[in-house]
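Read through the structure below, which is laid out as structure tokens, and then see the notes.
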Amino acid sequence: MPELPEVEIIKQNLSKKIKYKKIQEVIITNRNLRFKIPPKFDLLLKNKVIGKVTRFSKYLILNFSDKSFCLIHLGMSGTIHLIKKNNLNQFTNTSFYNSPILPIKHNHVEIKFKDLKIIYNDPRRFGFFKYIKNEKELLSKFSHLGPEPLSKKFNLKYLLKYFLSKKKNIKSFLIDQKFVSGIGNIYANEILFLSKINPNKYAMKLSKKDCRRIIFFSKVVLLNAIKKGGSSIRDFKSISGKRGSYQKEFNVYLRQDLNCIKKKCPGIIKKIFISNRSTFFCNVCQK
DNA sequence: AAGAGGCCCTGATAGC
DNA sequence: TGCTATCAGGGCCTCT
């Protein structure tokens, strides 16, 4: 669920809290993530100083002052929780993204600083933590990924060349990280709606105008989502804590059988499956 | 090589 | 009340 905007929000919040701080201790409470956390992972991180927190695509990166890194992916259900130490030297719970209640089940990693700690929780274990020795190794982790949708490399020339002879629907390409990295299922649906393109349309059949729209609306949707703090769905129990509000702006996602949001459009939002991912689109204005 | 399909994983929800 | 089935989807894998 965390796509580029959600990871960006986490990066921004996390950066404010842990920049320049020294890791005092790392506690692994559950090593089972997508990749098993290796035995000495905690010792590798101990005493490292956070230089800055950055992001590439859906990856979160802790940049240590000694030029090594910790690469974090939230998978589908990963959340990061911030616990502050109060004057009584006790940790009090505040959440940082998505859930305001500190989960205990499915906690995996705890990183302790002098005045606070962060906890990584991931019920479905699709996320991962990885220690990266140097920049070269970091870049190799991203070498198979396409350009970020917000970068200048995601341009008309790139799309036209990439789509040449691609006999596959455009929806699959938008969520294919090899083509463009950072867009997930939710935003892909929204981007295609605004671009007025049917998700089933073959990439090779897209016109120049279609490609221009995809580029433009990819940037519009993601920047807007970042501005709104990301999207929070399936988290209805939240009372406090930081939640995004972009889900209120969804035009098609989860709106199956409802009327198209466009005033003069008589269309109905349909739900179909494209390569096993739920896909929502207007049956009239997306051609 | 491109494309189709399956698998990993757990929690929420629907249906009987 | 309790069981089973289905869905959620990011990334990676295999097979054709």
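Order of the sequence lines fixes the chain letters, A, B, ..., with proteins taken first and strands second; residue numbering starts at 1 for each chain. The structure displayed is predicted, hence computed values, not measured ones.
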Within 45° of the six-membered ring axis of A:F193 and under 6.0 Å from that ring's centre, is NZ or CZ of A:K262 located there?
-> yes

Residue pair A:N189 / A:Y187, side-chain donor-acceptor N/O under 3.5 Å = no

Could you give the CG-to-C1' distance, from A:L254 to C:dA8, as a whole number of Å?
-> 10 Å

Would you indicate what A:R277 reaches in the nucleic acid, counting non-hydrogen atoms under 4.0 angstrom: base, sugar-phosphate, or nothing?
-> base

Side-chain N or O of A:H144 less than 4.0 angstrom from OP1 or OP2 on C:dG11?
-> no

Whole-Å distance separating the CD1 atom of A:I272 from the P atom of C:dC7 | 15 Å

Closest listed nucleotide, where the reference is the side chain of A:S278 and the choices are C:dC12, C:dA8, C:dG10 | C:dA8

Is a side-chain N or O of A:Q286 found less than 3.5 angstrom from the main chain of A:I197, in a donor-acceptor match?
-> yes

Counting heavy atoms from C-beta on, name the nucleotide in C:dG10, B:dG11, C:dC12 closest to the side chain of A:H106.
-> B:dG11

Is A:K271 touching bases, backbone alone, or none of the nucleic acid, heavy atoms closer than 4.0 Å?
-> sugar-phosphate

Side chain of A:F173: nearest nucleotide among B:dG3, C:dG10, C:dG11?
-> B:dG3

Quick one: A:F163 CZ to B:dA2 P, roughly how many Å, whole number?
-> 14 Å

A:F35 CZ to C:dG10 C1': how many Å, rounded?
-> 11 Å

Mind calculating the distance between CD1 (A:I72) and P (C:dG10) to the nearest angstrom?
-> 19 Å

Determine the contact category for A:F273: base if any of its heavy atoms lies under 4.0 Å from a base atom, sugar-phosphate if only primed atoms, P, OP1 or OP2 are that close, otherwise nothing.
-> sugar-phosphate

Picking from B:dG11, C:dC12, C:dG10, which would you name as closest to the side chain of A:K105?
-> B:dG11

Ignoring the backbone of A:N276, work out which of C:dG11, B:dG6, B:dT10 is nearest its side chain.
-> B:dG6

Examine C:dG11: is either OP1 or OP2 under 4.0 Å from a nitrogen or oxygen in the side chain of A:H73? Give yes or no.
-> yes

Kindly point out which of C:dA8, B:dG3, C:dC12 is positioned nearest to the side chain of A:R124?
-> C:dA8

Could you tell me the separation between the NZ atom of A:K130 and the C1' atom of C:dG10, rounded to a whole number of Å?
-> 15 Å

Atom CZ of A:F128 to atom C1' of C:dG11: distance rounded to whole Å?
-> 9 Å

Atom pair distance, as rounded to whole Å: OH in A:Y59 and P in C:dG11 | 5 Å

Can you check whether A:I118's main-chain N or O pairs, donor with acceptor, with A:E110's side chain at less than 3.5 Å?
-> no

Side-chain donor or acceptor of A:R255 paired with backbone N/O of A:N259 under 3.5 Å | yes

